[in-house]
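Notes follow the structure.
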Amino acid sequence: MTAIELVQGDITRESVDAIVNAANSSLLGGGGVDGAIHRRGGPAILEDCRRLRAAHLGKGLPTGRAVATTAGELDARWVVHTVGPVFSATEDRSGILASCYRESLRVAGELGARTVAFPAISTGVYGWPMDDGARIAVETVRAADTTVEEVRFVLFDERAYEAFAAQLR
Ligand code: AR6
């Protein structure tokens, strides 16, 4: 069974096998956790992303999918980039958000990662309500069939941490 840990802080400071990035389809960087990962990980991550775009991801990475690159100067072996859905009040996109967690674990597991750090995907710029984002994250990881031994949710602020802690209680 996969152990679930919670940490409050900056995901770019974590030491794990794989750090998951809440990216966008372009894979070419952005704000939030994406910006922080590229800033701290250095240009090697963007170089890898550009290579993926030039190879088999010409149209970008679809939402709900995941792909791995080097972690550059981060204390990890890989960054797993996934693209969360933008929250919609009229369309249920929770299956896509669950897919981000599942696909990221699949990609990380195939690489041999045993420890994986996740941010709260889609809960920033993409507007997903934190409580519901936390529920989907925890339920999906709990149900996942994965070789990853530890999942660490790294929550940026206390509100996010409390939302995830409530799901684990
Ligand atoms: N460590 C951990 N969590 C963080 C960090 C950090 N350093 N920085 C922000 N968060 P967001 P999204 C939290 O907006 O909603 C980017 O521009 C943040 O408080 O980073 O999936 C991409 O390029 C929030 O709870 O990602 C896309 O265009 C969570 O991480 C778009 O934003 C996710 O917030 C993706 O939007």
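Index from 1, following the sequence. Just follow the structure's listing: the first ligand is 1, and inside any ligand the first atom is 1.
Ring planes of F118 and Y101: tilted class, angle from 30 to 60°.
Neither the backbone nor the side chain of A160 has a heavy atom within less than 4.0 Å of ligand 1.
With hydrogens left out, the protein atom closest to atom 24 (C) of ligand 1 is T123 OG1, 3.3 Å, a heavy atom. Summary of contacts: the protein heavy atom closest to atom 1 (N) of ligand 1 is I11 N, 2.9 Å. Residue, atom and distance of the protein heavy atom nearest to atom 21 (O) of ligand 1 are S122 N, 2.9 Å. The protein heavy-atom contact nearest to atom 26 (O) of ligand 1 is A22 CB, 3.8 Å. Protein heavy atom at the shortest distance from atom 14 (O) of ligand 1 is V125 N, 2.9 Å. Of all protein heavy atoms, the one closest to atom 7 (N) of ligand 1 is D10 OD1, 2.9 Å. Protein heavy atom closest to atom 18 (C) of ligand 1, with residue, atom name and distance, is F156 CB, 4.5 Å. Taking atom 36 (O) of ligand 1 as the reference point, the nearest protein heavy-atom neighbour is Y126 CG, 3.4 Å.
Annotation: the span from R106 atom CZ to L111 atom CG amounts to 10.0 Å, rounded to 0.5 Å. For the atom pair CZ of R53 and OG of S26, the computed distance is 6.5 Å after rounding to the nearest 0.5 Å. A distance of 7.0 Å separates CG in L57 from CZ in R65, rounded to the nearest 0.5 Å.
Of all atoms in ligand 1, numbered sequentially from 1 with element shown, those under 4.0 Å from a heavy atom of G9 are 1 (N), 2 (C). Near G30, with a cut-off below 4.0 Å to any heavy atom, the atoms of ligand 1 are 17 (O), 23 (O). When each atom of ligand 1 is checked for a heavy atom of A120 under 4.0 Å away, the hits are 29 (C), 33 (C). Of all atoms in ligand 1, listed by their number and element, those nearer than 4.0 Å to a heavy atom of A36 are 7 (N). Heavy-atom proximity to D34, at under 4.0 Å, picks out these atoms of ligand 1: 22 (C), 23 (O).
Counting all heavy atoms, side chain and backbone alike, T123 lies closest to G133 at CG2-CA, 4.3 Å. When all heavy atoms of L61 and V83 are compared, the closest pair comes out as O-CG2, 3.6 Å. Across every non-hydrogen atom of A117 and V16, the tightest pair is CB-CG2, 3.8 Å.
Taking the side chain as every heavy atom from C-beta outward, L74 and I45 approach each other to under 4.5 Å. Side chains of V107 and W78 form no contact here, defined as non-hydrogen atoms less than 4.5 Å apart.
The shortest N or O to N or O distance between M130 and ligand 1 is not under 3.5 Å. For ligand 1, the polar-atom distance check finds an N/O of G31 within less than 3.5 Å of one of the ligand's N/O atoms. No N or O atom of G32 sits closer than 3.5 Å to an N or O atom of ligand 1.
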Could you go step by step and tell me if R50 and L28 meet the side chain to side chain contact (heavy atoms under 4.5 Å, CB included) rule? CA-CA 7 Å; R50 288 193 199 283; L28 301 180; 4.0 Å; yes
Walk me through it: do R93 and V86 pass the test side chain to side chain contact (heavy atoms under 4.5 Å, CB included)? CA-CA 8 Å; R93 299 176 179 166; V86 174; 4.0 Å; yes
